[in-house]
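Both backbone and side-chain heavy atoms feed into the values below; hydrogens, waters and symmetry mates do not. In this chain, residues are counted from 1 in sequence order.
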Amino acid sequence: MMRAWILPVLLVLCGSAVATAQVVNGNPGTAAALLFAFLALAGMNSPLIFPRSVGAEEAQRRSAVDGRPVVFWRPGCTYCMRLRLRLGRGARQAYWVNIRRDPDGAAAVRAANGGNETVPTVVVAGRPHTNPDPGWVREQLSRSA
């Protein structure tokens with residue numbers, strides 16, 4: 001879990017250094033914009049944004065028992081971020097699999113998407129759905145609750 005924090009922390013530190021350099025050079029507006037961009041990137045890659053990931057095998061096993069959706073995602077994916085934010089608190093009901101950390105998850109996504117690692121891919125009742133509407137995913141979460 002500790003490794004998950006490395007990229008966001010590096011982005012914040014680099015953004016702070018770049019913004020400080022811009023302020024020293026007399027460009028406070030540019031500094032603010034760059035700092036905001038770095039903070040947004042750090043947030044997109046933060047483990048705080050996404051629920052704790054589990055392995056693909058474990059997620060599929062749990063989903064078979066309780067019917068909850070499995071969401072395959074990767075850090076930095078804007079569509080994954082959109083899904084996560086639109087699900088709100090309900091996102092914690094799904095099983096999230098980070099395909100960058102789980103080769104089995106990446107393989108499952110490629111199998112579902114003709115060899116492409118297109119995310120988010122949401123598996124409900126054994127059927128994959130690529131980049132589904134967040135409202136539809138919310139409905140699936142409420143059915144499994």
Side-chain angles (χ1 to χ4, degrees), residues 1-20 22 27-145:
M1 185 64 177
M2 191 58 148
R3 287 188 295 164
W5 286 101
I6 293 173
L7 181 59
V9 169
L10 285 175
L11 286 167
V12 169
L13 291 174
C14 290
S16 298
V18 169
T20 300
Q22 290 298 316
N27 300 317
T30 302
L34 287 170
L35 183 59
F36 177 78
F38 274 91
L39 291 175
L41 285 171
M44 288 177 61
N45 288 285
S46 169
L48 294 175
I49 298 295
F50 288 93
R52 184 168 180 252
S53 289
V54 296
E57 281 186 37
E58 179 67 13
Q60 290 166 339
R61 185 187 66 72
R62 290 180 186 179
S63 178
V65 171
D66 62 19
R68 292 182 185 184
V70 177
V71 180
F72 293 93
W73 71 286
R74 78 171 154 262
C77 168
T78 56
Y79 298 104
C80 298
M81 178 69 67
R82 177 182 136 244
L83 177 63
R84 168 61 186 97
L85 294 175
R86 297 265 313 271
L87 291 178
R89 288 183 166 179
R92 297 206 181 277
Q93 294 173 359
Y95 300 111
W96 293 75
V97 178
N98 180 346
I99 67 168
R100 288 293 176 248
R101 296 198 179 267
D102 188 342
D104 291 337
V109 170
R110 286 192 302 273
N113 294 299
N116 297 313
E117 289 187 355
T118 307
V119 288
T121 296
V122 179
V123 178
V124 177
R127 291 194 53 219
H129 304 271
T130 304
N131 197 17
D133 180 76
W136 179 83
V137 177
R138 198 174 310 112
E139 288 175 20
Q140 305 312 305
L141 288 170
S142 65
R143 288 182 187 167
S144 67

What distance do [X] atom [atom1] and [Y] atom [atom2] have between them, rounded to the nearest 0.5 Å?
X: Thr20; Y: Leu35; atom1: OG1; atom2: CG; result: 8.0 Å
X: Trp96; Y: Asp102; atom1: CH2; atom2: CG; result: 15.0 Å
X: Trp73; Y: Ile99; atom1: CH2; atom2: CD1; result: 10.0 Å
X: Arg82; Y: Asn131; atom1: CZ; atom2: CG; result: 5.5 Å
X: Leu34; Y: Cys14; atom1: CG; atom2: SG; result: 12.0 Å

Heavy-atom pair of closest approach, residues [X] and [Y]:
X: Arg92; Y: Arg84; answer: NH2-NH2, 4.5 Å
X: Gly90; Y: Leu141; answer: O-CD1, 3.3 Å
X: Val97; Y: Gly105; answer: CG1-CA, 4.1 Å
X: Leu11; Y: Phe38; answer: O-CD2, 3.3 Å
X: Val122; Y: Pro69; answer: CG1-CB, 3.9 Å
X: Ser63; Y: Val70; answer: CB-CG2, 3.6 Å

Are any non-hydrogen side-chain atoms of [X] and [Y] less than 4.5 angstrom apart?
X: Tyr95; Y: Val71; result: no
X: Arg143; Y: Val124; result: no
X: Gln93; Y: Asp66; result: no

Glu57/Arg61 ion pair, N-O < 4.0 Å: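 Here Glu57 does not pair with Arg61 in a salt bridge, since their nearest N and O are not under 4.0 Å apart.
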Going by ring pair (Phe, Tyr, Trp, His ring centres under 6.0 Å), name the pairs with one or both residues in residues 111-131, residues two or more places apart or in two chains.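 Checked against ring pair (Phe, Tyr, Trp, His ring centres under 6.0 Å) - neighbours excluded - the pairs reaching residues 111-131 are His129-Trp136.
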Does the Arg101 side chain pair with the main chain of Ser53, one donor and one acceptor, at a distance under 3.5 Å?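 Side chain of Arg101 to backbone of Ser53: no pair is present.
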Side chain of Arg138, backbone of Arg86: donor and acceptor closer than 3.5 Å?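 Yes, the answer is positive, given that a donor and an acceptor are paired below the 3.5 Å cut-off.
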With side-chain contact (heavy atoms from CB on, under 4.5 Å) as the criterion, how do Arg74 and Val109 come out once you've worked through the C-alpha distance, each side chain's angles and the decisive distance to 0.1 Å? CA-CA 11 Å; Arg74 78 171 154 262; Val109 170; over 6 Å; no
Check the side chains of Asn113 and Thr121 for a donor-acceptor pair under 3.5 angstrom, ignoring hydrogens and angles.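 Thr121 vs Asn113: donor-acceptor pair found between side chains.
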